[in-house]
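Each chain gets a letter, A, B and so on, in the order its sequence line appears, and its residues count up from 1.
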Amino acid sequence: MSKKAKTAIQPTRSEDFPNWYQKVIVASDLAENSKTRGCMIIKPYGYAIWENIQQIFDKRIKAHGVENAYFPLLIPLKFIASEAEHIDGFAKECAVVTHHKLEMDENRQLVPAGKLEEPYVIRPTSETVIGDAMSRWINSYRDLPMKINQWCNVMRWEMRTRLFLRTSEFLWQEGHNAFASPEESDTDARLMVDEYAKFAENVLAIPVITGEKTANERFPGAESTYTIEAVMQDGKALQAGTSHNLGTNFSKSANIVFQDKTGKEQFAHTTSWGISTRLIGGLIMVHSDDDGLQLPPAIAPYQVVIIPVVKNPEQADAINEYVQNICEGLIAQDIRVHVNKKDDSVGNKIWDSIKKGVPLRVEIGAKEMESGTLTHVRRDIGRDSKTNSSVEEFVSTASDILASIQTSLFERAKAIVADNLSDVADLDALQQLYKDDYQGLVRIPTSFIEDDQYKQLAKEFSLSERCLPFADNGSMVVIGRAY
RNA sequence: CGGGGUAUGGCGCAGUCUGGUAGCGCAUCUGCUUUGGGAGCAGAGGGUCGUAGGUUCGAAUCCUGCUACCCCGACCA
């Protein structure tokens, strides 16, 4: 009673981080593996997080003049064959549709029939399709800039999958912008990665390192790739969003040409940028603890859960009415609130809200009702934050409490970055660091990565270049292990 | 794709070595008592052992192929 006997999630983070990650997803009811190889079922609670990501981010990109559209899932094979470097990056992981019907064979088994003249590829990304459309939509400099985004699914036949972090099918947004000049496309690619950084930090409470990818980590066919890299609790990096300046590489293969003011034909300069359901994996690995998920209020499907404590049936109506009034007060403050009316014990409901990471829990029984109060507990602090306050006071300060939780999660996440990002004097020091079982990231001078000693260390310790942080103007590179 | 592991009710597992046709915990359902950090008792339902084939009088168990999942690595905008 006095002390927590065990954690809700076993194993704990320190015992077995990958296993803990899977268990958090199950315990919080976000998603599960499906019968389809490498594909997940995103359950309602997990999908609600994605819907919030969509709603919030969609507003931000529309403010930049981006318009949403929808393009086909299936891409004609000849589209893909047109851009060599790009397709090299994806050919190994493309699912291909080769038939258009099923027939019953002699063993009464359904087999593919009706072979297609030209196979289709299930989109791994849509540069080629959208490029083809843009080649028809863009004729004049007056048509530029053109900014098109789609929220959709894509498929990449990955060798090794993990829920949210890398699945064969995943949900994302892919933005595709076209401009008249190289300066504009580079500015745009940087603008979008900056939007990702702001979204990650202000909404998801995930601090990120924003920077540019090195040449060998760059998107196939891009001139430059900008990225936000987040740091997980185990010290590994997670690429959480990328924005590419494609220059004229794609407009040349898709023939996106416009006439400039002088009547001369020119290739458009394009960008593409995306974030995906992978962000949910990042949320889990940054914020959750050994009792389960912990969600920043800004993204939580519900920010407050109310647990009615009904000890005898005669009180039920009165308590429900009391709860309903509080609910309405919170909704009027634009707070997302959920009343757990499930026929279950109070203890189970409390644990359920902890495992699901609801930021703020409210308990209301006869005791509170008689005194015009309620009891509330913060998920980030736990039972030590248990407070009894009047309904009026709570309703008027709930937004502040949620804001405080948002801040405390962000601060905690910043401490994770600080603990897992080191500088070293030279490559010998780097080697010693990882030999001593260091799990985090290291910032080294960019010139080091050409060194043979570095290349050998990178191989030995599975290190890769995460990015050249904007903050260091390209002089430094952050390296480490990544998801 | 390489190495290792796993596959048995919804979930987690035992049973496999020493073949004889399935068991435990949790969850579920019913009833009663309970409910403020994971309730108790009593009763009930639910699987034919990933899949295809082989050996055998008989296969969860032995043999072979296939598939999926997990971990490590390679790969991965």
| query | Are F79(A) and Y120(A) near enough that their ring centres are under 6.0 Å apart? | reply | no
Using Watson-Crick geometry (N1-N3 plus N6-O4 or O6-N4) or G-U wobble (N1-O2, O6-N3), each under 3.5 Å, C24(B) is paired with G12(B)
W157(A) CH2 to C76(B) P, in whole Å, measures 19 Å
D291(A) has its side chain closest, among C70(B), G37(B), G36(B), to G37(B)
Regarding the side chain of I354(A), the nearest nucleotide among G37(B), G36(B), A68(B) is G37(B)
- prompt: Do the charged groups of R379(A) and D289(A) touch, with an N to O distance under 4.0 Å?
  reply: yes
Report task. For the residue pair Y45(A) and Y302(A), categorise the inter-ring angle as parallel (less than 30°), tilted (30 to 60°) or perpendicular (more than 60°). Result -> tilted
The Watson-Crick or G-U wobble partner of G47(B), with both key distances under 3.5 Å, is none
Atom CE of M159(A) and atom P of C69(B) are separated, to the nearest Å, by 12 Å
Q | Phosphate contact (U35(B) OP1 or OP2) by N348(A) side-chain N/O below 4.0 Å | A | no
query: Reckon A482(A) touches a base, only the sugar-phosphate, or nothing at all at heavy-atom distances under 4.0 Å?
result: nothing
Problem set entry | Rounded C1' spacing from A59(B) to U8(B) in Å | 14 Å
Work out how far the C1' atom of C11(B) is from that of C1(B), and round it to whole angstrom.
32 Å
Task: Span that lies between the C1' atom of G4(B) and that of G40(B), in whole angstrom - done: 44 Å
Winner on side-chain proximity to A8(A), out of C71(B), G38(B), G36(B), is G38(B)
- Query: Base, sugar-phosphate, or nothing for R481(A), non-hydrogen atoms under 4.0 angstrom?
  - Reply: nothing
- For G46(B) and C29(B), measure between their C1' atoms and round to the nearest Å. 11 Å
Taking A39(B), C76(B), G37(B) as options, the one with an atom nearest any side-chain atom of S345(A) is A39(B)
Near K435(A) NZ, under 6.0 Å, is it more than 12 heavy atoms from other residues, nucleotides or ligands?
no
For residues 219-246 of chain A, the salt bridge (charged side-chain N to carboxylate O under 4.0 Å, His left out) pairs (sequence neighbours left out) are K213(A)-E229(A), E229(A)-R466(A)
> With no hydrogens and no angle check, do the side chains of Q233(A) and Y21(A) hold a donor and an acceptor under 3.5 Å apart?
Replying inline: no
_Sugar-phosphate only, base, or nothing, as touched by G241(A) at under 4.0 Å among non-hydrogen atoms_ = nothing
The nucleotide from C76(B), C1(B), C69(B) with an atom nearest the side chain of R37(A) is C69(B)
By the Watson-Crick or G-U definition, both distances under 3.5 Å, C1(B) is matched with G73(B)
Checking C1(B), G36(B), C69(B) against the side chain of N33(A) (C-beta onward), the nearest is C69(B)
Atom NZ of K349(A) and atom C1' of A39(B) are separated, to the nearest Å, by 15 Å
Considering only heavy side-chain atoms of T375(A), the closest of C69(B), A39(B), G36(B) is G36(B)
Separation of A68(B) atom P from M40(A) atom CE, nearest Å, is 19 Å
Using Watson-Crick geometry (N1-N3 plus N6-O4 or O6-N4) or G-U wobble (N1-O2, O6-N3), each under 3.5 Å, U6(B) is paired with A68(B)
- [ ] Determine whether the aromatic ring centres of F470(A) and Y226(A) lie less than 6.0 Å apart.
- [x] yes
Inter-nucleotide P distance (G65(B), G3(B)), Å rounded
14 Å
N312(A) CG to G36(B) C1', in whole Å, measures 14 Å
U55(B) -> Watson-Crick or G-U wobble partner, both distances under 3.5 Å, gives none
Indicate, yes or no, whether a donor-acceptor pair under 3.5 Å links the base of G36(B) to the side chain of E368(A).
yes
Atom CD1 of I319(A) and atom P of G36(B) are separated, to the nearest Å, by 13 Å
Could you work out the separation of C62(B) and G58(B) based on their C1' atoms and round it to a whole Å? 13 Å
- request: Mind telling me whether W172(A) and F170(A) have parallel, tilted or perpendicular rings, with 30° and 60° as the class edges?
  value: perpendicular
Mind checking the C1' distance from G9(B) to U18(B)? Whole angstroms is fine.
28 Å
Here the distance between atom P of G36(B) and atom CG of D344(A), to the nearest Å, is 11 Å
In whole angstroms, the gap separating C1' of C76(B) from CG of L165(A) amounts to 13 Å
When the P atoms of G15(B) and G20(B) are compared, how many Å lie between them, rounded to an integer?
14 Å
Taking a pair to mean Watson-Crick or G-U wobble geometry with both distances below 3.5 Å, A39(B) pairs with U33(B)
